[in-house]
Amino acid sequence: MKKIPMRMCVACRQMQPKKTLVRIVNTTEDGVIIDHTGKRNGRGAYLCHNVECLNRAIKTKALDRALEKPVPVSLFDELREEFSNESEAR
C-alpha cells in the first residue's frame with residue numbers, strides 16, 4: 001500500500017491529502033503564484049479548496065506568514081474565482 005502525502009492547510013490547520021489542497025508558492029523569479037503542478041521551486045503553503053479557508057487566510061494573514069512575503073490581492077481574487085467556479089461545477 002502506497003503512503004499518501006499529507007499537508008496542513010494554513011488557515012484551518014487540518015491535515016489533508018496533498019492532492020486535495022491548493023499550493024501557493026513564493027518563487028524567486030515570479031513572486032507569489034498558484035502552483036497547479038505542486039512541483040514549482042520555492043517556499044510553498046497549502047490551502048483548502050474552499051472560500052471559508054481562503055477568507056480565514058486573508059483575515060489572519062496566514063499565507064503572508066507562511067510564505068514570508070506579502071501576498072498580492074490579485075492572487076486572492078484569482079483563488080476566490082477558482083473556488084467559486086469549482087463549487088458551481090459540482
Side-chain angles (χ1 to χ4, degrees):
M1 191 164 127
K2 194 171 181 184
K3 187 177 172 204
I4 299 170
M6 301 292 279
R7 297 293 183 267
M8 184 184 290
C9 172
V10 295
C12 67
R13 313 290 293 167
Q14 295 290 311
M15 293 294 285
Q16 296 186 23
K18 183 179 173 183
K19 292 213 182 286
T20 65
L21 300 170
V22 178
R23 183 169 189 252
I24 292 89
V25 65
N26 180 9
T27 63
T28 52
E29 313 85 43
D30 303 324
V32 179
I33 57 169
I34 301 170
D35 180 11
H36 293 288
T37 64
K39 295 178 178 156
R40 298 280 308 248
N41 286 335
R43 185 171 184 86
Y46 292 86
L47 197 60
C48 293
H49 264 277
N50 63 49
V51 178
E52 294 85 29
C53 280
L54 177 61
N55 290 336
R56 185 182 293 171
I58 294 168
K59 185 178 177 183
T60 63
K61 297 193 183 303
L63 278 174
D64 295 10
R65 281 195 310 275
L67 298 173
E68 299 176 347
K69 184 176 188 177
V71 177
V73 176
S74 60
L75 186 107
F76 289 128
D77 295 338
E78 192 178 333
L79 283 168
R80 188 171 281 119
E81 188 175 312
E82 188 176 307
F83 294 165
S84 64
N85 289 345
E86 286 176 9
S87 64
E88 288 170 9
R90 290 181 193 166

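One-based numbering along the sequence shown. These values consider heavy atoms only, across backbone and side chains, with no hydrogens, waters or symmetry-generated copies.
Across every non-hydrogen atom of P17 and I4, the tightest pair is CB-CG2, 3.9 Å. Of all the heavy atoms in V32 and P72, the pair that sits closest is CB-CD, 4.0 Å.
The side-chain hydrogen bond (donor to acceptor under 3.5 Å, both in side chains) test applied to N50 returns no partner, not counting sequence neighbours.
Pairs passing the salt bridge (Lys or Arg N to Asp or Glu O under 4.0 Å) check and including a residue from residues 31-46, sequence neighbours excluded, read R23-D35, D30-R40, R43-E68. Pairs engaging residues 9-19 under the salt bridge (Lys or Arg N to Asp or Glu O under 4.0 Å) rule: none recorded [sequence neighbours left out].
Other residues, nucleotides and ligands place more than 12 heavy atoms under 6.0 Å from the CD atom of E29.
Considering only heavy atoms from C-beta on, T27 stays 4.5 Å or farther from N41 through its side chain. Counting only heavy atoms from C-beta outward, the side chains of E82 and H36 approach each other to under 4.5 Å. Residues I24 and L79 meet the side-chain proximity criterion, which asks for heavy atoms closer than 4.5 Å.
Hydrophobic cluster membership of I33, counting Ile, Leu, Val, Met, Phe, Trp and Tyr whose side-chain heavy atoms lie under 4.5 Å apart directly or via other members: V25. The hydrophobic cluster around Y46 extends to L21, counting ILVMFWY residues whose side-chain heavy atoms fall within less than 4.5 Å of a member.
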Just list the side-chain donor-acceptor pairs under 3.5 Å for residues 51-61, sequence neighbours left out, or say none.
unit_1 : atom_1 : unit_2 : atom_2 : d
N55    : OD1    : R80    : NH2    : 2.8
N55    : ND2    : V51    : O      : 3.4
T60    : OG1    : R56    : O      : 2.8

